[in-house]
Amino acid sequence: FFLLAKSTNSCGDVDKAQCILQEILGECHGIEDKLPSYYLKAAIQQSCGKGLDAYNTCLTVLSQLGEKIPQSFDITETKNIIEATSKMTRSISDANLLEMREMEEKLGITLKFFSLMATVSFFAKRDMHPFLVCRMVQLTMNQGICKYSILGFVQYAAMLCGNKMAKDIQSATRIGKAAMFCLKERFHSEDQLPRIYFTYYGMVAFHTEPLQSCVEMFGQGFNAGMSIGESGTAFLNALWQVRALFFAGEKLSALLEKIDIYVELAKQHKNDVTMINIYRDTISTLIDKGESTSAAANIATHDKLFDSEVNFFHKAIQSYWLGHNDRCQHYIGKMKEVTESPNTGRLNITILTFIHGLNTFQLLKKQNTSKLRTIPRAAISALQTLTSNSEWNFRNKVHLLEAESSSFNGRHQEAAASYAAAIASARSSRFIHEEGLACELAGFHHKKIGDLNSAYNFFNRAKRCYTEWGSRVKVESV
């Protein structure tokens, strides 16, 4: 019966699979016999967008396996468990993980449910995420390693990148790379690839590796997820692939086609398409304000996400690229009100930090206040820190912010040099949209100082970049 439920789910008949699982759970008596069905049930709940249900399913199982999981976890408790786990992981290296003793099979099952619960908690119960991740790592350090430990280490590395109480990019990179090396050399766990790739390449690797290389790995994560019937995790990889492609400047029309393919597949497997549809809306807006590329499904998407962080993020991005600076600032403010831990350890927050800095220079022209002046300085500082780990992903952004700062403060020679550096760096990293943006802003700078010939040339270069990117809106505005 379990194999029937598994194959039915793989074929996209989620409702039938859930009915079969419910029958199995009703017939079986011992927890050991129920474990595979419980795990598949939680995985299906996650893929259908029922994160809290999936969380509670895992909680039920782990409680029966003897784990004591608190109902909530406050800031002090979070800080303490992170510090304790940090001390335990100081010596982690490639060799260390390869030589670690094997965990007992029974405890490995506990870690399996922890790994799913931790993934779900990132979206559905964020306050519990640090506890669950640290518990996985501590169990491994004390009781030995298993294939589910790899995701625990990768999730811990992601937390070190994204949690303001734990911020440590160097340790995150060391632990994340050691875990990926161990996955390759010791475990070869195909069934773990979708979750591991989604977490590592979505939250850790972009700090050190080119964004385009992460795109390829998300594709592998999607294929692996679909091949083992974990469509929920497969489509998380798809979503983050779309995100990375967008931030890397993929041609917008090609990205729209890829999204539409993913959306149709997700619907067949009854996966939630809300998040990927909002990327579709942003891309459609940047192509032609949705005149010929919008989708009716996005109306429901807006209603569902109206008051959410992701909606405010996309509205801010759309507003900036369309030149609505006050509106952009409004949505950035709204996003900060609802974001639990705004920091540049998350890629979307990093991009928004860059946009916020650039947008503020336009506002300063109308209202030069000390409060506004701190925003670009903070953006430059944050992105300089990130550049120390990846010049490929972040150097051009620092140059462009510095160029705008020099232009605003009347340092025209410095501004010209920084604009040139931003353009060259964006071109080198193949960020065609940001190369176009740097050319456009350089054009406005030279127009302001009366160098109309240079301004004309920069605007023409911006048009060529925006044409290649596929944004008719930006081509027309230039």
Side-chain angles (χ1 to χ4, degrees), residues 12 47 49 194 197-198 201-202 206 210-227 230-302 304-305 310-311 313-315 317-318 320-322 347-348 351 426 429-437 463-477:
S47 69
Y197 279 12
F198 154 72
Y201 292 102
F206 77 86
L211 208 47
Q212 292 88 342
S213 68
C214 296
V215 166
E216 181 181 343
M217 303 313 291
F218 288 133
Q220 292 185 26
F222 173 79
N223 292 334
M226 295 302 288
S227 69
E230 282 207 16
S231 62
T233 314
F235 285 109
L236 284 176
N237 278 278
L239 173 65
W240 285 42
Q241 184 187 53
V242 165
R243 185 188 73 161
L245 284 166
F246 177 58
F247 292 154
E250 174 76 359
K251 191 172 181 66
L252 295 175
S253 58
L255 190 47
L256 206 63
E257 290 176 9
K258 181 178 284 289
I259 288 174
D260 286 341
I261 292 170
Y262 280 144
V263 166
E264 285 306 309
L265 281 171
K267 287 178 179 177
Q268 290 174 23
H269 289 267
K270 297 190 177 179
N271 277 253
D272 188 357
V273 297
T274 305
M275 297 288 283
I276 202 166
N277 263 333
I278 201 167
Y279 273 96
R280 193 193 192 288
D281 181 62
T282 294
I283 293 160
S284 173
T285 298
L286 294 180
I287 292 175
D288 60 3
K289 295 185 181 178
E291 290 177 6
S292 63
T293 56
S294 63
N298 285 339
I299 297 172
T301 298
H302 292 156
K304 191 171 182 179
L305 295 174
V310 68
N311 182 52
F313 169 79
H314 280 271
K315 289 298 183 185
I317 295 295
Q318 292 174 24
Y320 178 75
W321 282 104
L322 294 178
L347 181 56
N348 59 332
I351 298 299
S429 297
R430 304 197 300 278
F431 298 156
I432 191 67
H433 60 320
E434 291 176 359
E435 181 185 349
L437 180 59
K463 274 186 66 175
R464 288 195 293 271
C465 290
Y466 290 145
T467 299
E468 185 176 339
W469 187 31
S471 176
R472 296 201 289 275
V473 169
K474 291 302 297 179
V475 171
E476 290 168 6
S477 74

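Worth knowing before you read on, the calculation uses all heavy atoms, side chains too, and leaves out hydrogens, waters and symmetry mates.
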*Evaluate the criterion side-chain contact (heavy atoms from CB on, under 4.5 Å) for residue pair Val310 and Thr274; output intermediate values, then yes/no.*
CA-CA 10 Å; Val310 68; Thr274 305; over 6 Å; no
_Chi angles and distances behind the side-chain contact (heavy atoms from CB on, under 4.5 Å) call for Asp260, Arg280_ = CA-CA 8 Å; Asp260 286 341; Arg280 193 193 192 288; 2.7 Å; yes
*Tyr201 and Phe206: CA distance, side-chain angles, deciding distance, side-chain contact (heavy atoms from CB on, under 4.5 Å) verdict*: CA-CA 7 Å; Tyr201 292 102; Phe206 77 86; over 6 Å; no
*Check the pair Leu437 / Tyr320 against side-chain contact (heavy atoms from CB on, under 4.5 Å), numbers first and verdict last.*
CA-CA 11 Å; Leu437 180 59; Tyr320 178 75; 3.8 Å; yes
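With rounding to the nearest 0.5 angstrom, the CZ atom of Phe222 is 5.0 Å from the CG atom of Leu265. Atom CG of residue Leu239 and atom CG of residue Asn271 lie 11.5 Å apart, to the nearest 0.5 angstrom. Note that the CD1 atom of Ile317 and the NZ atom of Lys315 stand 12.5 Å from one another [nearest 0.5 Å]. Taking CG of Asn223 as the start and CD of Gln220 as the end, the distance is 8.0 Å to the nearest 0.5 Å. The CZ atom of Phe247 lies 10.0 Å from the CD atom of Glu434; values are rounded to the nearest 0.5 Å. The distance from atom CE of Met275 to atom CG of Asn311, rounded to the nearest 0.5 Å, is 10.5 Å.
In plain terms, the two heavy atoms of Ala266 and Val273 that are nearest each other are CB-CG1, 3.4 Å. Nearest heavy-atom pair, Leu322 versus Thr285, reported as atom, atom and distance to 0.1 Å: CD1-CG2, 3.8 Å. In terms of heavy-atom proximity, Gly436 sits nearest to Cys465 at CA-CB, 3.4 Å. Counting all heavy atoms, side chain and backbone alike, Ser253 lies closest to Ile287 at N-CD1, 4.1 Å. The minimum heavy-atom distance between Gly232 and Ser47, with the atom names listed, is CA-CB, 3.2 Å. A pairwise comparison of heavy atoms in Pro194 and Ala224 identifies CG-C, 3.8 Å as the closest pair.
Side-chain atoms of Val473 and Trp321, non-hydrogen and from C-beta on, never get closer than 4.5 Å to each other.
With sequence neighbours excluded, the residues that form a side-chain contact (heavy atoms from CB on, under 4.5 Å) with Glu291 are Asp288.
At least one donor-acceptor pair closer than 3.5 Å links the side chain of Gln212 to the backbone N or O of Ser429. Judged by distance alone, with hydrogens and angles left aside, the side-chain atoms of Tyr197 form no donor-acceptor pair with the main-chain N or O of Cys214 at under 3.5 Å. Looking at Ser284, its side chain never comes within 3.5 Å of a backbone N or O of Asp281 through a donor-acceptor pair. At least one donor-acceptor pair under 3.5 Å links the side chain of Ser471 to the backbone N or O of Leu286.
Other residues, nucleotides and ligands place more than 12 heavy atoms under 6.0 Å from the NZ atom of Lys251.
Between His433 and Trp469, the ring planes lie tilted relative to each other; the angle falls in the 30° to 60° range.
Here side chain to side chain donor-acceptor pair (under 3.5 Å) pairs that include residues 234-245, with residues two or more places apart or in two chains, are Gln241-Tyr262.
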